[in-house]
Amino acid sequence: MALAYDPLFITSDKSPMDVPSPQPPSSMILLTQDELKRIAAYKAVDFVQSGMVLGLGTGSTAKHAVHRIGELLRQGKLENIVGIPTSKKTQEQALSLGIPLSDLDAHPVIDLSIDGADEVDPYLNLVKGRGGSLLREKMIEGASKKFVVIVDETKMVKHLGGSKMALPVEVVPFCWKFTAGKLREMMEGYGCEAKLRLGERGEAFVTDNGNYIVDMYLEKDMGDLSVVSDEILRLPGVVEHGMFLDMASTVIIAGELGVKIKNKHSSC
């Protein structure tokens with residue numbers, strides 16, 4: 001559970017961990033993390049304007065944004081919206097809400113994408129893909145003029161991999177053990193453990209693109225992320241990784257006192 005005022009929107013480039021929390025009054029309303037995510041998602045939808053082509057994200061936070069967009073379309077407050085979904089799951093949700101859909105072939109430039117993230121570092125670099133949609137997310141969000149990311153404050157880290165949770169790498173199924181071994185060997189200096197992601201029934205998890213995911217668990221800071229990114233992508237068998245470097249325009253952070261906003265390249 002989290003505490004929040006009416007919700008408080010703070011524009012700041014300080015980490016949410018650096019902002020002191022005042023003692024809340026006894027009448028404070030308790031909000032769950034999911035409620036805070038919904039508040040942040042609705043704030044992200046404030047960036048949406050009629051006539052836009054939108055990248056529709058995947059995950060527990062992004063689903064609130066997709067729902068809100070559908071709601072505003074029904075109310076006539078948004079018009080002529082075209083959505084580009086980042087997963088089959090999001091496609092199904094958007095269709096159920098009456099959001100018109102298309103793809104990158106028809107719309108190679110996207111006005112705005114809204115999505116969640118698994119980690120955000122102080123430079124707004126991201127880890128994404130723990131939901132398994134990293135390739136389509138990177139293609140769509142990389143084609144966006146503006147990319148708004150929604151997270152809760154637990155996703156803020158000092159460096160990527162800092163949560164000790166997975167850095168996903170999408171790989172082709174052919175000889176995946178060979179590829180996983182090469183990834184482990186390449187990343188061993190960071191204390192890497194590489195594991196095939198499994199589905200609910202214990203079989204290999206299969207992405208929307210028919211690939212597997214190798215989850216890498218790191219003990220140490222990777223240092224120069226661009227160098228590591230290039231090294232991973234050069235490995236035969238690797239399709240894409242979950243580091244989204246220098247892509248986010250704005251990050252909206254749901255926290256103990258509401259939400260705050262961090263903007264890329266701010267001078268503050």
Side-chain angles (χ1 to χ4, degrees), residues 2 4-12 29 31-117 120 124 126 128 131 133 136-137 139-153 155 247-255 257-264 266:
Y5 294 97
D6 171 23
L8 179 63
F9 292 98
I10 308 171
T11 301
S12 171
I29 298 173
L31 296 178
T32 64
Q33 285 299 106
D34 191 60
E35 287 168 333
L36 287 173
K37 289 178 179 180
R38 178 178 53 80
I39 291 168
Y42 279 35
K43 181 64 177 176
V45 176
D46 287 347
F47 288 95
V48 178
Q49 298 177 12
S50 292
M52 278 187 166
V53 177
L54 300 175
L56 305 177
T58 297
S60 62
T61 307
K63 70 178 183 181
H64 291 300
V66 176
H67 177 83
R68 179 60 172 165
I69 291 165
E71 184 178 55
L72 293 175
L73 280 170
R74 289 195 305 273
Q75 294 172 354
K77 295 178 180 178
L78 285 176
E79 297 178 339
N80 301 319
I81 292 296
V82 176
I84 314 292
T86 56
S87 67
K88 292 180 180 178
K89 186 173 183 178
T90 298
Q91 179 179 358
E92 292 171 358
Q93 181 192 11
L95 288 173
S96 73
L97 295 169
I99 300 174
L101 298 181
S102 188
D103 57 30
L104 284 174
D105 289 337
H107 298 277
V109 178
I110 296 173
D111 295 303
L112 168 68
S113 285
I114 300 174
D115 204 353
V120 182
L124 307 191
L126 317 172
K128 290 176 51 57
S133 302
R136 296 191 186 192
E137 288 173 341
M139 291 177 67
I140 290 167
E141 289 150 10
S144 302
K145 296 177 183 177
K146 186 175 181 66
F147 177 26
V148 177
V149 178
I150 320 164
V151 295
D152 66 73
E153 63 184 354
K155 306 298 176 65
M247 289 178 60
S249 309
T250 298
V251 177
I252 300 177
I253 306 155
L257 299 177
V259 301
K260 64 183 298 183
I261 299 172
K262 291 173 71 76
N263 291 305
K264 183 179 179 180
S266 172

Intermediate values then yes/no, salt bridge (Lys or Arg N to Asp or Glu O under 4.0 Å), E92 and K89 = CA-CA 5 Å; E92 292 171 358; K89 186 173 183 178; over 6 Å; no
Test log, rule side chain to side chain contact (heavy atoms under 4.5 Å, CB included), inputs Y42 and E71 | CA-CA 11 Å; Y42 279 35; E71 184 178 55; 4.0 Å; yes
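- The CG atom of L112 sits 10.0 Å away from the CD atom of E141 when rounded to the nearest 0.5 Å.
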Under the side chain to side chain contact (heavy atoms under 4.5 Å, CB included) criterion, do L126 and M247 qualify, and how do the steps go?
-> CA-CA 8 Å; L126 317 172; M247 289 178 60; 5.6 Å; no
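- Between atom OG of residue S102 and atom CD1 of residue I84 there is a gap of 4.5 Å, rounded to the nearest 0.5 Å.
- Checked options T61, L56, I150; the residue passing with I114 is I150 (criterion: side chain to side chain contact (heavy atoms under 4.5 Å, CB included)).
- Contact detail for I110 and G55: the closest heavy-atom pair is CG2-N, 3.5 Å.
- Side-chain contact check for R38 versus D34: every heavy-atom pair is 4.5 Å or farther apart.
- In this structure, D103 CG and M139 CE are separated by 9.5 Å, a value rounded to the nearest 0.5 Å.
- In terms of heavy-atom proximity, L97 sits nearest to V66 at CD1-O, 3.5 Å.
- In terms of heavy atoms, S249 sits closest to L124 at O-CD1, 4.5 Å.
- The shortest non-hydrogen separation linking Q49 to L78 is C-CD2, 3.9 Å.
- Between A254 and L36, the shortest heavy-atom contact is CB-O, 3.5 Å.
- Between K37 and K63 the shortest side-chain heavy-atom distance does not fall below 4.5 Å.
- To the nearest 0.5 Å, the span separating NZ on K128 from CG on D115 amounts to 3.5 Å.
- Between the OG atom of S113 and the CE atom of M52 there is a distance of 10.5 Å, given to the nearest 0.5 Å.
- A distance-only check finds no donor-acceptor pair linking the side chain of T250 to the backbone of V148 [under 3.5 Å].
- What you find for S50 and I81 is that their closest heavy atoms are CA-CD1, 4.2 Å.
- Using modelled atom types, one finds no donor on one side chain facing an acceptor on the other under 3.5 Å when comparing S133 with T86.
- Using a 4.5 Å heavy-atom cutoff, the side chains of K43 and I261 are in contact.
- With a 6.0 Å radius and a threshold of 12 heavy atoms from other residues, nucleotides or ligands, K146 has its NZ atom above the threshold.
- H67 contributes atom NE2, which lies 9.0 Å from atom NE2 of H64 (distance to the nearest 0.5 angstrom).
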